[in-house]
There are 2 protein chains.
Amino acid sequence: MTVSKTAEKSSEKPSDATKGRKDATEGLPEALQLGELSEQLGYVLKRAQLKVFENFLRCMASLQLTPAQFSVLLLVEKNPGRNQTEIASTLGILRPNFVALLDNLESRDLCARIRSTNDRRSHILVLTDKGKAVLTRAKKLVATKHESRLNELLGQANREALLEMLSKIANEF
Amino acid sequence: MTVSKTAEKSSEKPSDATKGRKDATEGLPEALQLGELSEQLGYVLKRAQLKVFENFLRCMASLQLTPAQFSVLLLVEKNPGRNQTEIASTLGILRPNFVALLDNLESRDLCARIRSTNDRRSHILVLTDKGKAVLTRAKKLVATKHESRLNELLGQANREALLEMLSKIANEF
DNA sequence: CGATATTTGATATGGTCCATAACAATTATC
DNA sequence: GATAATTGTTATGGACCATATCAAATATCG
């Protein structure tokens, strides 16, 4: 050990004003200094991501769609006729973990697995009619409640610049 | 069910060219179209965050520090004499989950819990000498290997703009 | 052709992170 | 001094992520 146990506060300071934290300026617990933390991109990136996901979930509460589920619906709509492996891998989801996710969407009749006639191992993925309808509503909610709020916070131009830089990091880092 | 089971590909097309996917242009599995996904800030944000954390871990492999551990060391260095509740809460870590994190840092002699004399319930947190030394090396690694690579990818000005926008989202969203 | 290897969806399993309830010790409050 | 609140801690469960493994189906190659 390099530090003596049972010490207290800033040493070299046997003063009286800061003893027991009972000054007249009490009440607030004196917010901590973030210091270099607020300059760490990873830290800020993570916090921002949590906030965005949190807001996304609130906006989608009526449809009960998580970001991952929404991304699956979007990708299946854009790429109908693909199998689980293809959809999962382009989303960065491992096949085993994709099974339960799909089970959920299928049990809610948003998505369907269809045994392919070409390759009877694979399951072709398609949106059901209900899935298409829900996705349409989801897109509207995201646009009007979610992304729009980001626009008014950052401004249209900044939001696009942000997206471009994040894409660069996601793809070229 | 709204879709007929055992279908295949784009219907209304009993053609021959796209049957069995055995054209002359075979080989590549024909990359999927991301479509609107690449415009979803949450999606891109998450992917970027994963990439940044991944790179952070690689850069810190020699010191065996995770982003969370690094943030704790940074915060304790900047705010010595605070207790676990204060450090954990400003990092968005729940007290129960902070215990094991601290146990790890303390077992490696990077950080120490000191029973406060003011409030004998709380544990004051301080960096050990080894903790300070490791943190110094960690900062250098982050600066030279991690953040520098972001700079050359985005450019100094863009990196600062990115940080500012992410901070705005993290704090005001 | 037929033996072997590969692929696909699936299960089981373990790890990490996150969230809640509950507890003993200590302190604050009235 | 009785009651309430706080601190660190444990236990626990859920969500997410990663690996190994499997049966069925297909591909490969002698």
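Convention: sequence-line order gives letters A, B, ...; per-chain numbering from 1. Small disclaimer: the values here were computed from a predicted structure and weren't measured. All heavy atoms count here, side chains included; hydrogens, waters and symmetry mates do not.
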>> Can you confirm whether B:Tyr43 sits close enough to A:Leu91 that some side-chain heavy atom of one is under 4.5 Å from a side-chain heavy atom of the other?
In response: yes
> What class does the angle between the rings of B:Phe70 and B:Phe56 fall in, given that below 30° is parallel, 30 to 60° is tilted and above 60° is perpendicular?
Replying inline: tilted
> Within the structure shown, what part of the strands sits under 4.0 Å from A:Arg120 by heavy-atom distance: base, sugar-phosphate, or nothing?
Replying inline: sugar-phosphate
> Starting at CD1 of A:Ile114 and ending at P of C:dT8, how long is that distance when rounded to a whole Å?
Replying inline: 18 Å
>> Assess the residue pair B:Arg58 and B:Glu54 against the criterion (salt bridge (Lys or Arg N to Asp or Glu O under 4.0 Å)); give the C-alpha distance rounded to whole Å, side-chain angles, the decisive distance to 0.1 Å, and a yes or no.
In response: CA-CA 6 Å; B:Arg58 270 199 303 272; B:Glu54 186 184 321; 3.4 Å; yes
>> What is the distance, to the nearest angstrom, from the CZ atom on A:Arg95 to the C1' atom on D:dT19?
In response: 12 Å
> Which nucleotide in the set C:dT8, D:dC17, C:dA10 lies at the smallest distance from any side-chain heavy atom of B:Lys46?
Replying inline: D:dC17
>> Between P on D:dG8 and CD1 on B:Ile124, what's the gap in Å once rounded to a whole number?
In response: 8 Å
> Pick from A:Lys139, A:Lys132, A:Arg82: which one makes a salt bridge (charged side-chain N to carboxylate O under 4.0 Å, His left out) with A:Glu77?
Replying inline: A:Lys139
> Toward the 5' end of DNA chain D, which comes first, A:Leu94 or A:Asp119, by nearest nucleotide?
Replying inline: A:Leu94
>> In whole Å, I'd like the distance from the CG atom of A:Asn118 to the C1' atom of D:dT26.
In response: 12 Å
> Rounded to whole angstrom units, what separation is found between the CD atom of A:Glu86 and the C1' atom of C:dG9?
Replying inline: 13 Å
>> For a quick check under 3.5 Å, do A:Gln156 and A:Glu160 share a side-chain donor-acceptor pair by atom type?
In response: yes
> The side chain of B:His123 lies closest to which of these nucleotides: D:dG8, C:dT11, D:dC17?
Replying inline: D:dG8
>> Rounded to whole Å, how long is the line connecting atom CG of A:Asn104 with atom C1' of D:dA15?
In response: 13 Å
> Can you check the B:Phe53 CZ to C:dT16 P distance for me, whole Å?
Replying inline: 16 Å
>> Quick check on DNA chain C: between A:Ser122 and A:Leu50, whose nearest nucleotide comes earlier from the 5' end?
In response: A:Ser122
> Phosphate oxygens OP1/OP2 of C:dT7: is one of them under 4.0 Å from a side-chain N or O of A:Thr85?
Replying inline: no
>> Nearest whole Å is fine: how far is D:dA23 C1' from A:Arg115 CZ?
In response: 12 Å
>> Quick check on DNA chain C: between A:Arg121 and A:Asn97, whose nearest nucleotide comes earlier from the 5' end?
In response: A:Arg121
